[in-house]
Amino acid sequence: MSSQSWLQWIGERKVVAAGLGLLALAWAARAMQVQKNRNRRSSRRSSLLGQQIERREHDVKVSVKVPLESLMSVYETVVHYEVVTVDDANRKVTMQRKAKVQIPAGAYDGYTFAVPRVGSIRLEDNDVGNLIVQVIEEPHEVFFREEDDVKDVHMYLAISKSEFERGCEKHVETLLNGERVSLAVPAGLKEGSLLSIDNFGFPDVQLPSQTGDQIVHLVLDRS
């Protein structure tokens, strides 16, 4: 092999190695992003779990896992649980029960509410307890919430260096029924810039007529 061919061969392999290196960096960045999102959710959940409804001895608590996208609207499900009650001979017994519950639109990880008088019986006065339902928000591959910002939904959008410089228009997925919308990215923005898609976030759990936004985090596409 001539020295020129040898140098060309070496050059080609350097290009391949560089490409593989960029791909590895992209995967590493994605893994860091996923872990960061999980940490955010964990932090927010820890802070919200302290805001629970006071549970009495004869109340029964259940947890319901709900996909993030299902919290954009009312989510109806059936829960199974165990109660303490009395039989016809007034003896204490344990029974299996089920109840249909509606989780309000905009509920978040740790959100807790009560379904009245479907819990256990307090034997001394026959008072019927409540069913305490707590939401466990299941993570999404793309979308996430930011700590206590439960109305806005967030996502990352990777664009190229030239798109940062010149500006571009992207068709962006939303969490609202999977609808895609057009998003204009102005020229000259930097990595880490935020853009908003108005009214594509979660309803306020207390005031459903008020809706959050979808916040798009711009990142540099290094793939």
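The first residue in the sequence is number 1, and the count goes up from there.
- Here the closest heavy-atom approach between residue Arg55 and residue Val60 is recorded as NH2-CA, 4.3 Å.
- Contact of the Ser70 side chain with the Ile103 side chain is not registered, since no non-hydrogen atoms from C-beta on lie closer than 4.5 Å.
- Under the 4.5 Å side-chain heavy-atom criterion for Ile, Leu, Val, Met, Phe, Trp and Tyr, Ile121 and Ile132 are members of distinct hydrophobic clusters.
- Within the 4.5 Å cutoff, no side-chain heavy atoms of Asp87 are placed close to those of Met95.
- Residue Tyr81 is grouped with residue Val93 when hydrophobic side chains (ILVMFWY) are merged at heavy-atom distances under 4.5 angstrom, including chains of intermediate members.
- With a 6.0 Å cutoff to the six-membered ring centre and a 45° limit on the axis angle, Arg145 does not count as a cation-pi contact of Tyr108.
- Scanning all heavy atoms of the two residues, the minimum distance from Phe113 to Ile53 falls at CA-CD1, 3.5 Å.
- At least one donor-acceptor pair under 3.5 Å links the side chain of Asp125 to the backbone N or O of Asp127.
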Candidate pair Val128 and Val118, rule side-chain contact (heavy atoms from CB on, under 4.5 Å), full reasoning: CA-CA 7 Å; Val128 181; Val118 291; 6.0 Å; no
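- Looking at heavy atoms from C-beta onward, Val86 lies out of side-chain contact with Arg91 at the 4.5 angstrom threshold.
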Given Leu131 and Val79, is the side-chain contact (heavy atoms from CB on, under 4.5 Å) satisfied, shown in steps? CA-CA 10 Å; Leu131 177 65; Val79 296; 3.8 Å; yes
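- In the displayed structure, Glu57 atom CD is contacted under 6.0 Å by at most 12 heavy atoms of other residues, nucleotides or ligands.
- Transitive grouping of hydrophobic side chains (ILVMFWY, heavy atoms separated by less than 4.5 Å) keeps Met72 and Val74 in distinct clusters.
- Minimum heavy-atom separation, Pro186 to Leu195: CD-CD2, 4.2 Å.
- Surrounding CZ of Arg166 are at most 12 heavy atoms belonging to other residues, nucleotides or ligands under 6.0 Å away.
- To the nearest 0.5 Å, atoms OG (Ser73) and CG (Leu176) are separated by 9.0 Å.
- To the nearest 0.5 Å, atoms CD (Glu76) and NZ (Lys100) are separated by 4.5 Å.
- Heavy-atom minimum distance, Phe202 versus Gly106: CB-CA, 4.3 Å.
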Could you go step by step and tell me if Ile136 and Asp109 meet the side-chain contact (heavy atoms from CB on, under 4.5 Å) rule? CA-CA 5 Å; Ile136 298 178; Asp109 194 39; 4.1 Å; yes
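- With a 4.5 Å cut-off on side-chain heavy atoms, Lys170 and Ile159 count as touching.
- In this structure, the side chain of Arg180 engages the main chain of His171 through a donor-acceptor pair within 3.5 Å.
- Under the 30°/60° scheme for interplanar angles, the aromatic rings of Phe144 and His154 are found to lie parallel.
- At distances below 3.5 Å, at least one donor-acceptor pair connects side-chain atoms of Asp221 with backbone N or O atoms of Ser223.
- Counting heavy atoms from C-beta on, the side chains of Gln214 and Met155 come closer than 4.5 Å.
- Side-chain polar atoms of Glu82 and Thr94 form no donor-acceptor pair below 3.5 angstrom.
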Could you go step by step and tell me if Asp59 and Glu54 meet the side-chain contact (heavy atoms from CB on, under 4.5 Å) rule? CA-CA 9 Å; Asp59 291 336; Glu54 182 179 353; over 6 Å; no
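- Of all heavy-atom pairs spanning Gly110 and Thr112, the tightest one is O-OG1, 3.0 Å.
- Taking the side chain as every heavy atom from C-beta outward, Phe200 and Val153 never approach each other to under 4.5 Å.
- In the hydrophobic cluster analysis, where Ile, Leu, Val, Met, Phe, Trp and Tyr join through side-chain heavy atoms closer than 4.5 angstrom, Leu220 is grouped apart from Ile215.
- Taken from CG in Leu218 to CG in Leu183, the straight-line distance is 7.5 Å, to the nearest 0.5 Å.
- Side chain of Thr211 to backbone of Asn199: no donor-acceptor contact under 3.5 angstrom is found.
- Here the side chains of Val135 and Val64 are not in contact, with every heavy-atom distance at 4.5 Å or above.
- To the nearest 0.5 angstrom, Asn130 atom CG is 11.0 Å from Ser120 atom OG.
- Contact record, His58 with Gly129: CD2-N, 3.2 Å, taken as the closest heavy-atom pair.
- For the pair Lys92 and Val84, the minimum side-chain heavy-atom distance is below 4.5 Å.
- One finds no salt bridge joining Lys151 and Asp213 here, because no Lys/Arg side-chain nitrogen approaches an Asp/Glu carboxylate oxygen to under 4.0 Å.
- Judged by distance alone, with hydrogens and angles left aside, the side-chain atoms of Ser196 form no donor-acceptor pair with the main-chain N or O of Leu194 at under 3.5 Å.
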